Structures are given as C-alpha cells and as structure tokens.
Amino acid sequence: EAEVAQSPRYKITEKSQAVAFWCDPISGHATLYWYRQILGQGPELLVQFQDESVVDDSQLPKDRFSAERLKGVDSTLKIQPAELGDSAMYLCASSLEDSGGAGETQYFGPGTRLLVL
Amino acid sequence: AQSVTQLDSQVPVFEEAPVELRCNYSSSVSVYLFWYVQYPNQGLQLLLKYLSGSTLVKGINGFEAEFNKSQTSFHLRKPSVHISDTAEYFCAVSDGTASKLTFGTGTRLQVTL
C-alpha cells in the first residue's frame, strides 16, 4: 500500500538554528499539505500545494518558515531560525484530487517530531 | 469560518463496551465532516467521512458516525471497543468548496480490560 514518506522522524535542534523536513507524497497525488500539530491539539494547516503552486499559506509564519515543491512531487519545509515555540509534530499529507477538491481524502505521513532546545 | 468542538478530551471505557465520541461543528455554509484516528507516534488515518446522502456513515474498524444538521453534530460510535482502539480521535470539517481541514482538539479513547 502506497504511503506518504517523511524524514527525519525525529529532530532535536537548538533555538536559532535552521531545520528542514522532507515529504514524499503518494505517487500521483497532486495536492500536498503541511500541518503543524502542537502537543494536545489538532493539526493546523501551514501550507497547501497544488502541484508546484502554493494554494494556501495564510497560516505559515513567513518570517521564519518556507516551503517548496519545485517539481510538483516531493516537498521541503524549512524553519530558520527555530524558536522554542516551534516544538511540535510536523505532518505531511497528500490527496489525489488534481483540483484540490473538497471532500477528497487526505493521506498522512508519520510526521516529524521537532524539539527545539 | 468553520470550527470544531470536541467536548471530551479523554474517554475511558472498558473493553467490549460501547462508546460515543462527540463532535460539534459550526459553519455558515454546507460542510464535509471527517473522523481521523491517530495512534501513538503515527500520522492520522481516515476512519470515515460524510459528504452527502445518508446521514449514517460507516467506516473502518467497526466505527460509524451520524450527521445531524439540526444539532450541528457528527458523533462517532462503536458498539463494542477493543484494546487496540486506544488512540487519539480527531473530528475535522471542510467548507465544501476547498479541501482545507479544520480539526478539533482531539479525544483520547482509553480502552481497558
């Protein structure tokens, strides 16, 4: 069964350092999402891609976060500089719908757990 | 804008007992509703979703949910739980025009012998 891949699974970094997360969606999935899940809360959307284009990044803290999906396949989320409050689980998800359609099932990866010291 | 409220942060239940996890939503437009499950240190897995049609939706692992528009609710039920159902359960909503999901804060289901 095809799965969304994410790496690394765990990351410990010091504040002010740069950190990057990678996501490889299910093959053929046009839509890719990055979510942040703070401990004890539900996931919150950071950015949504349709192929290589950003559809929604309204909740992405653009002063320190950046995301790209250059070839419309895999994606990288970067934080620079990291702050203590960035400690969270970062989840990547993908869906098949090539028009970002509502109701389409999102398939989640295992996540990257970030700890900022 | 949509929002989701999961009133119960934790639900303890004995194995083989029935369970209901509550979810209420608010939205000014038609919505799609979802339940996801998250096992420890894993991503989320879709249990079921309501898009339209029958208000009773059946999902995987014996779970079902009922969409109640007048109550703005989408409660998740299982008639007999197993130890393996211990996990975090998230209710989510999208507004029917975009795929962005808004999640609730989650309910931890703890099944014991």
Side-chain angles (χ1 to χ4, degrees), chain A residues 1 3-10 21 23-26 29-50 54-60 89-115, chain B residues 1-10 21-25 27 29-53 57 59-60 67 74 76 87-109:
Chain A
E1 181 176 303
E3 296 179 342
V4 176
Q6 289 189 248
S7 66
R9 291 293 309 276
Y10 304 92
F21 314 129
C23 172
D24 191 12
I26 293 172
H29 280 196
T31 309
L32 185 146
Y33 311 80
W34 282 103
Y35 289 87
R36 177 171 59 186
Q37 184 180 18
I38 296 171
L39 191 64
Q41 298 183 22
E44 293 181 300
L45 181 69
L46 291 174
V47 62
Q48 177 183 343
F49 288 93
Q50 186 66 38
V54 173
V55 173
D56 184 350
D57 64 356
S58 58
Q59 300 303 309
L60 188 71
M89 174 80 89
Y90 290 83
L91 294 163
C92 179
S94 68
S95 65
L96 180 61
E97 179 62 45
D98 60 7
S99 61
E104 190 71 24
T105 297
Q106 295 183 26
Y107 296 86
F108 284 78
T112 295
R113 186 170 294 282
L114 173 67
L115 178 61
Chain B
Q2 307 90 252
S3 67
V4 175
T5 301
Q6 293 183 249
L7 292 170
D8 306 305
S9 60
Q10 295 186 64
L21 305 183
R22 296 182 293 169
C23 172
N24 288 89
Y25 68 92
S27 176
V29 297
S30 297
V31 296
Y32 295 155
L33 292 155
F34 305 76
W35 274 100
Y36 279 85
V37 61
Q38 185 176 33
Y39 299 102
N41 295 314
Q42 294 186 28
L44 281 71
Q45 180 184 11
L46 181 71
L47 281 176
L48 48 80
K49 63 182 178 182
Y50 171 78
L51 304 183
S52 64
V57 181
I60 62 171
F67 171 61
F74 191 56
L76 182 70
E88 192 86 19
Y89 291 79
F90 292 95
C91 183
V93 62
S94 71
D95 71 5
T97 62
S99 58
K100 175 181 176 179
L101 291 177
T102 299
F103 286 87
T105 52
T107 297
R108 173 153 181 81
L109 176 63

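Within every chain, numbering begins at 1; the chains are lettered A, B, ... in the order of the sequence lines, protein sequences first and strands thereafter. Nothing here was measured: the structure is a model prediction, and the numbers come from that model.
With a 4.5 angstrom heavy-atom cutoff, B:Tyr36 touches chain A only via side-chain atoms. For a residue to count as touching a neighbouring chain, one of its non-hydrogen atoms must lie under 4.5 Å from one of that chain's; by this rule A:Tyr10 touches chain B with the side chain only.
Of the residues considered (A:Ala93, A:Gly40, A:Gly42, A:Gly109), A:Gly42 shows the highest number of contacts with chain B, using heavy-atom pairs under 4.5 Å. Of the listed residues (A:Met89, A:Arg113, A:Glu44, A:Gln37), the one with the most heavy-atom contacts under 4.5 Å to chain B is A:Gln37. With respect to chain A, the highest number of heavy-atom pairs below 4.5 Å among B:Gln38, B:Arg108, B:Glu88 belongs to B:Gln38.
Closest approach of B:Gly43 to A:Leu91, counting heavy atoms only: CA-CD2, 4.1 Å.
In this structure a side-chain-to-backbone donor-acceptor pair under 3.5 Å is present from A:Arg9 to B:Asn41. A distance-only check finds no donor-acceptor pair linking the side chain of B:Tyr32 to the backbone of A:Glu104 [under 3.5 Å].
The closest side-chain heavy-atom distance from A:Leu45 to B:Leu101 is not below 4.5 Å. Side-chain contact between A:Tyr107 and B:Leu46 is absent, with no heavy atoms from C-beta onward closer than 4.5 Å. A:Gln41 has its side chain out of reach of B:Phe90: every pair of non-hydrogen atoms, C-beta onward, lies at least 4.5 Å apart.
Rounding to the nearest 0.5 Å gives a distance of 14.5 Å between CD of A:Gln106 and CD of B:Gln45. To the nearest 0.5 Å, atom OG1 of residue A:Thr105 and atom NZ of residue B:Lys49 are 3.0 Å apart.
Within 6.0 Å of CG in A:Leu39 there are 12 or fewer heavy atoms belonging to other residues, nucleotides or ligands.
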